Amino acid sequence: QQFFQPLCIGERLMIRPPWETSPVPAPMVCLTLNPGPAFGTGTHPSTHLCLLMLLQYAAQCQGSKLLDVGCGSGILSLAALQLGWQSAIGVDIDAQVIAVAMHNAELNGLQDRARFLHGSWQNVTGVFSCITANIYLGPLVEMLRPLTRYLAPGGTIILSGLLAAQEVTMRTAIQDAGLVVQARRGEEEWVALAVRRARDVEQQLLHV
């Protein structure tokens, strides 16, 4: 408990453990999180970068759906809901963390808007305005092209879990999948990239 203290992400989001009950400063929203054995408290740079990306895209994703691949504690799914997404689906191959994520949804009264599923993201149906994947290079490269089938027009995929030394390899996979980098964030030796379909960007430019 002594190592999990309240954490502010930008000026909009506070993440804190259930034993912390001090008032939340306006205009922040609060996410209560009990990580248990699952990865994801917001302190690791790869998770922190994802959360900053969610803040960046929250305004354009109000009322839409999010898919969280490798959801761990559920932190990204639940943070997105607190920031204005309507619903979220998190998937993970570790059955133990699914129970943790479901518990965290209940802690925040979000159990009706969040679903956490054990198994592959390929078992999910539907399209999503935002897809997050905080994993590591190998699976990100392998899944990127098929993952675009789940991306709504104009939607964004947030990729994290990347070391800066792996960025060139990831950018090659992004280009091969018909995507372009829209935003980049770095922290220590870690990098997160937000990508969109190249044709969505072209159409957006035509209407400017």
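Fair warning: this is a prediction, and the values are worked out from it, not measured in the lab.
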- Query: Does the side chain of Thr156 pick up a donor-acceptor pair with the side chain of Arg196 at under 3.5 Å?
  - Reply: yes
- Which value, rounded to the nearest 0.5 Å, describes the distance between Leu117 atom CG and Asp68 atom CG? 11.0 Å
- Task: Give a yes or no on whether Ile158 and Val191 share a hydrophobic cluster (residues Ile, Leu, Val, Met, Phe, Trp, Tyr; joining criterion: side-chain heavy atoms under 4.5 Å apart).
- Result: no
- Leu66 and Ile89: same hydrophobic cluster, using ILVMFWY side-chain contacts below 4.5 Å? no
- May I ask you to test the Leu151-Val127 pair for a side-chain heavy-atom distance under 4.5 Å? no
- Distance, nearest 0.5 Å, that separates CE of Met28 from CD1 of Ile15: 10.0 Å
- Trp85 and Ser77, any side-chain heavy atoms less than 4.5 Å apart: no
- Message: Just so I know, are the side chains of Ser22 and Arg16 near enough to count as touching, which here means a heavy-atom distance under 4.5 Å?
- Response: yes
- Message: Minimum heavy-atom separation for Leu78 and Ala101, please, with both atom names.
- Response: CD1-O, 4.3 Å
- Query: With sequence neighbours left out, which residue pairs that include part of residues 124-152 fulfil the ring-ring contact (aromatic ring centres under 6.0 Å, His included) condition?
  - Reply: Trp121-Tyr150
- Pairs meeting criterion ring-ring contact (aromatic ring centres under 6.0 Å, His included) with involvement of residues 171-198, two or more places apart: His44-Trp190
- To the nearest 0.5 Å, how far apart are CG in Leu81 and CD in Gln86? 8.5 Å
- Query: Within a radius of less than 6.0 Å around CD of Gln175, do more than 12 heavy atoms belonging to other residues, nucleotides or ligands occur?
  - Reply: no
- Apply side chain to side chain contact (heavy atoms under 4.5 Å, CB included) to Met102 and list each qualifying residue two or more places apart in sequence or on a separate chain. Ile98, Phe116
- Query: So, the side chain of Asn108 versus the backbone of Thr32: is there a donor-acceptor pair under 3.5 Å, distance only?
  - Reply: yes
- Task: Mark yes when over 12 heavy atoms from residues, nucleotides or ligands other than Arg115 sit less than 6.0 Å from its CZ; otherwise mark no.
- Result: no
- Task: Determine the minimum heavy-atom distance between Ser129 and Cys61, stating which atoms define it.
- Result: OG-SG, 3.8 Å
- Arg197 side chain vs Thr148 backbone, donor-acceptor pair below 3.5 Å: yes
- Message: Do Ile131 and Leu76 sit in one hydrophobic cluster, given that two such residues count as connected whenever their side-chain heavy atoms are within less than 4.5 Å of each other, even indirectly?
- Response: no
- Task: Name all residues meeting the side chain to side chain contact (heavy atoms under 4.5 Å, CB included) criterion together with Gln166; count only those two or more places apart in sequence or in a different chain, and write none if there are none.
- Result: Leu137, Leu162, Leu163
- Query: Can you tell me how far CD of Gln182 sits from CD1 of Ile174, rounded to the nearest 0.5 angstrom?
  - Reply: 11.0 Å
- Message: Tell me whether Leu52 shares a hydrophobic cluster with Met14, the cluster being built from Ile, Leu, Val, Met, Phe, Trp, Tyr side chains joined at under 4.5 Å.
- Response: no
- Message: Run the side-chain contact (heavy atoms from CB on, under 4.5 Å) test on Leu49 and Leu51 for me, step by step, so that the C-alpha distance in whole Å, both residues' side-chain angles and the decisive distance to 0.1 Å come before the verdict.
- Response: CA-CA 5 Å; Leu49 291 170; Leu51 291 166; over 6 Å; no
- Message: Could you report the tightest heavy-atom contact between Val24 and Cys30, atom names first, then the distance?
- Response: CG2-CB, 3.6 Å
- Task: Using salt bridge (Lys or Arg N to Asp or Glu O under 4.0 Å) as the criterion, list what pairs up with Arg171, not counting sequence neighbours.
- Result: Glu167
- Item | Close side-chain approach of Arg185 to Gln56, heavy-atom, < 4.5 Å | yes
- Message: For the CG atom of Asn34 and the NE2 atom of His103, what is their distance to the nearest 0.5 Å?
- Response: 5.0 Å
- Message: Taking ring-ring contact (aromatic ring centres under 6.0 Å, His included) as the definition, give me every residue that meets it alongside Tyr57, ordered by chain and number, with sequence neighbours left out.
- Response: none
- Query: Going through the distances and angles, do Arg145 and Leu179 end up as a side-chain contact (heavy atoms from CB on, under 4.5 Å)?
  - Reply: CA-CA 9 Å; Arg145 184 184 292 273; Leu179 301 165; over 6 Å; no
- Decide yes or no on side-chain contact (heavy atoms from CB on, under 4.5 Å) for Thr47 and Ile75, but give the supporting numbers first. CA-CA 9 Å; Thr47 309; Ile75 183 171; 3.9 Å; yes
- Task: Determine whether Met143 and Met170 fall in the same hydrophobic cluster, where Ile, Leu, Val, Met, Phe, Trp and Tyr are linked whenever their side-chain heavy atoms lie under 4.5 Å apart.
- Result: yes
- So which heavy atom on Ser46 is nearest to which on Ser160, and how close? O-OG, 2.9 Å
- Query: Between Leu31 and Ala79, which heavy-atom pair has the shortest distance, and what is it?
  - Reply: CD2-N, 3.8 Å
- Report yes or no: does Asn104 contribute a side-chain atom to a donor-acceptor pair with the main-chain N or O of Ser73 at less than 3.5 Å? yes
- Query: Any donor-acceptor pair under 3.5 Å linking the side chain of Asp92 with the backbone of Gly72?
  - Reply: yes
- Query: Nearest 0.5 Å, what's the CG-CG distance between Leu54 and Leu83?
  - Reply: 6.5 Å
- Item | Heavy-atom donor-acceptor pair, Glu188 side chain to Pro45 backbone, under 3.5 Å | no
- Test item: Gln60 side-chain N/O and Gln62 main-chain N/O as donor-acceptor pair under 3.5 Å: no
- Query: Yes or no on side-chain contact (heavy atoms from CB on, under 4.5 Å) for Leu193 and Met53, after CA distance, side-chain angles and deciding distance?
  - Reply: CA-CA 9 Å; Leu193 302 171; Met53 288 280 194; 5.6 Å; no
